[in-house]
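We use all heavy atoms of the structure for the numbers below, so side chains are in, but hydrogens, waters and symmetry mates are not. Throughout, a chain's letter reflects where its sequence line sits, starting with A, and its residues are numbered from 1.
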Amino acid sequence: MGVWELIARGLDRISFGIVDTVVFIIDHIKPGWSAKNKTKVDEWKLMFYAFNRSPLGVLGLFLIIIFLLMGIFGPMIAPYKYNEYPAQFLGDLKNSQPGAHGFILGTEIYGRDLFSMLLYGARMSLILTVLTIALSAPIGVTLGLISGYYGGKIDELIMRITDIFYAFPGLVLAIALAAVLPERLRDIVLTNDLLKKFLLVLFAGAERDAGNIAPFVSVILALVVVGWPGYTRLVRGVVLSVKENVYVEAARALGVSNFSIIRKHILPNVASIILVVLTFDLGGIVILGAALSFLGVGAQDPFTDWGKLVYVGSRFFPNYYWLVLYPGLTLFIVGLGWTFFGDAIRDVLDPQTRRRIEFGVKEEVSKLDILPSIGVIGIFLTLIWTGFDAWDVLVPLTLVVYLMLSGIMYKVLEIIVNNIDLRYKPICLVSVIPVLWSAFKVHLVGGLILSGLLVLTYIPSILKAGGGSQ
Amino acid sequence: MKKILEIKDLHVHFYTYAGVVKAVSGVNLEIYEGETFCLVGETGCGKTVTSRAITRLVPSPGKIIKGEIIYYKDGKPINLLEIPEEKLRKIRGDEISYIFQDPTASLDPLYTSGYQITETIFAHRKVSKNKAWREAIELMKSVLIPDAESRVKNYPHELSVGMRQRVVISIGLANRPRIIIADEPTSAVDVTIQAELLDILRKLKDLYNTTTILITHNMGVVAEMCDRVAVMYAGRIAEVGTVNEIFKDPKHPYTKGLLKAVPNPLTKIEKLEYIEGSVPNLIFPPSGCRFHPRCKYVMDICKEENPPLFELSPTRKVSCWLYSPEKREGG
């Protein structure tokens, strides 16, 4: 915890800086704003403060930001275009493994640069998630608000329609829609010039491939159709409890219109829950879209998203592992990022847990605590700097052992210093156990992750040896 | 005196799984312009439901079964139970306003106190944002909130309970309503603040000449504030009269019992008296007069027939067979 507290304080400085800048800008537009809304600004800072205390949340945010950057700028910085086949001449996939011929992650089966395809795939996934959420959440939330607030016959009608959509298994319905829709959409996309240009910019495609966008768009529509009932049910349930609050009744008694009550008193009280579910769904949709692509509906050549890359590569697994590993890993990491972020944001948005976090973390940071972690980071950096190929299997092992030992040794040292009173030796020893265990856990997890990464970098050489003997 | 509100034969039923709760059955009331009218009774006797029914705000699963609520707007009678919802919405908060019991629950925690006052103003009037905020500050000054200029920017959780109740009062008064219905406005605060709040209410009432309907179970508040009092028992009116009449010469056996149950600092007694028995189950109310199982003066007719409101004098009405004209002539 101590190490993280140091990192979190650094993050605090950055995020408070961001808040202060935003406030500064608003103050320029509306003079005197910050003086009026001091409580609001403090609450924002507290939110950041609470968020920074969650290591997983920060990790999630970090992964999400990488994903967003990949999605937005990926196609622009990709070394090759998605319709360039630079490795066609190589003939055999064996020759196109990671690192060979200057392709960082190797090439996919048609001879395109896998790294560039991942970047293009990120764009596809990003558009998929953003559009799906942007279309399905407003529909679902609006219907849920209406259904929950008015109740009676309107509620009955909306909920029965929702039930009908729920009755279909989501994935099956999505597959069916994604299989049927493209033919009609294709004509619409091709004839409507404005729509075509818009979609081409969105998916970073060339004019020639415009028709092949249609299947992917139909996946988005299918996911919208499958997605909205979830929000409706959730929001309706929350509204049913929120509308029982006396302030809603008070607003009604004072003649505030139904629309204003929904907008001002109900929606803001439902918003935090919607936001949390949205963050989880954002990860889920990336995976679901990939699953559809994996099943063959969705992105059509020459467009590719991560799911399709996995699907195409799966035929050549495990001999040409990189076709599956890297797209699969990116998918996994993005999904994980959203989940971590969602978990942390739920704690941050709830005013009560937020307060608890604020008061919970007041422990003093011990400067010594940072030593093993500096060791980890330093060694990892050296690893990257020297290039992974220069290491043999023993090095990571010694590394892990060293890390675990250093952590444990350090903890033991701390305990001995703290419990210097030797009269209670046996008690001291017993009290050492839980502390040892927690130290062990911390460094075990870190060690495992680190060794996992190292083993991953060795897979190429191991498999190469295997492939060579065949 | 001019009538401003008239409730005729109001019935409100709650449809629960255990059965139909006849929360209000046959309430008749007349409220005159400019007076402070008190509705007194123990918990669950239908005071709050009656007051909510005035603007059709009976919470689900309640339903207004029958009756008329006539609001005299510039001498023109309007039946509030028949006009469309949108018209009623314009009356709520503008002409008939509410002050709620629990200030902590009736303020939205997400908005500043000033915002919640202006919200009521915007709901009924088209005024500029600046003007509404200035009005909000004025209102908060009028309910004696110190440093109102900075208090308008405070969220409910930054205010004390007494302050919150003042904010709730100023929300209720935001549009200078003709009738203000205060539902136990002082039960959430302690006694010193209670006195202060009652003082504020009285002053504002005199200032704007607002008709006030005060709902309470606190006899002290009644004696302090009211012109006329209606005592409710089990969904019916037991007795109506001016404060003096009710306190000096209670007629209905229930009122007598109720007044005896209030401690009087001037007379020292060993033990407070209480009314025998308990509040009736309103799903299966007692036949005839609903008070008869607990009444000392019970007669045969009480068990069979519900007594109407007998008029003893222009200001005095009692719903008890003891005061029926035949009985009075015969006795």
### Task
Tell me, for B:L107 versus chain A, whether the close heavy atoms (under 4.5 Å) come from the side chain, the backbone, both or neither.
backbone

### Structural part of B:E158 lying under 4.5 Å from a heavy atom of chain A
side chain

#### Entry: NZ or CZ of B:R125 within 45° of B:F122 ring axis and under 6.0 Å
no

#### Entry: Side-chain donor-acceptor contact under 3.5 Å, A:Y49 with A:D12
no

### Query
If we ignore angles and hydrogens, is there a donor and acceptor under 3.5 Å between the side chains of A:D155 and A:S147?
yes

### Query
Should B:K73 and B:E95 be marked as a side-chain contact (heavy atoms from CB on, under 4.5 Å) after you check the CA-CA gap, both sets of side-chain angles, and the distance that decides it?
CA-CA 9 Å; B:K73 189 182 182 182; B:E95 289 170 42; 3.3 Å; yes

### Message
Is the distance between the ring centroids of B:Y155 and B:Y115 under 6.0 Å?
### Response
no

#### Entry: Contact origin within B:Y98 toward chain A - heavy atom pairs under 4.5 Å
both

#### Entry: Portion of A:E244 that has a non-hydrogen atom of chain B nearer than 4.5 angstrom
neither

#### Entry: Residue B:R52 versus chain A: region with a heavy atom under 4.5 Å
side chain

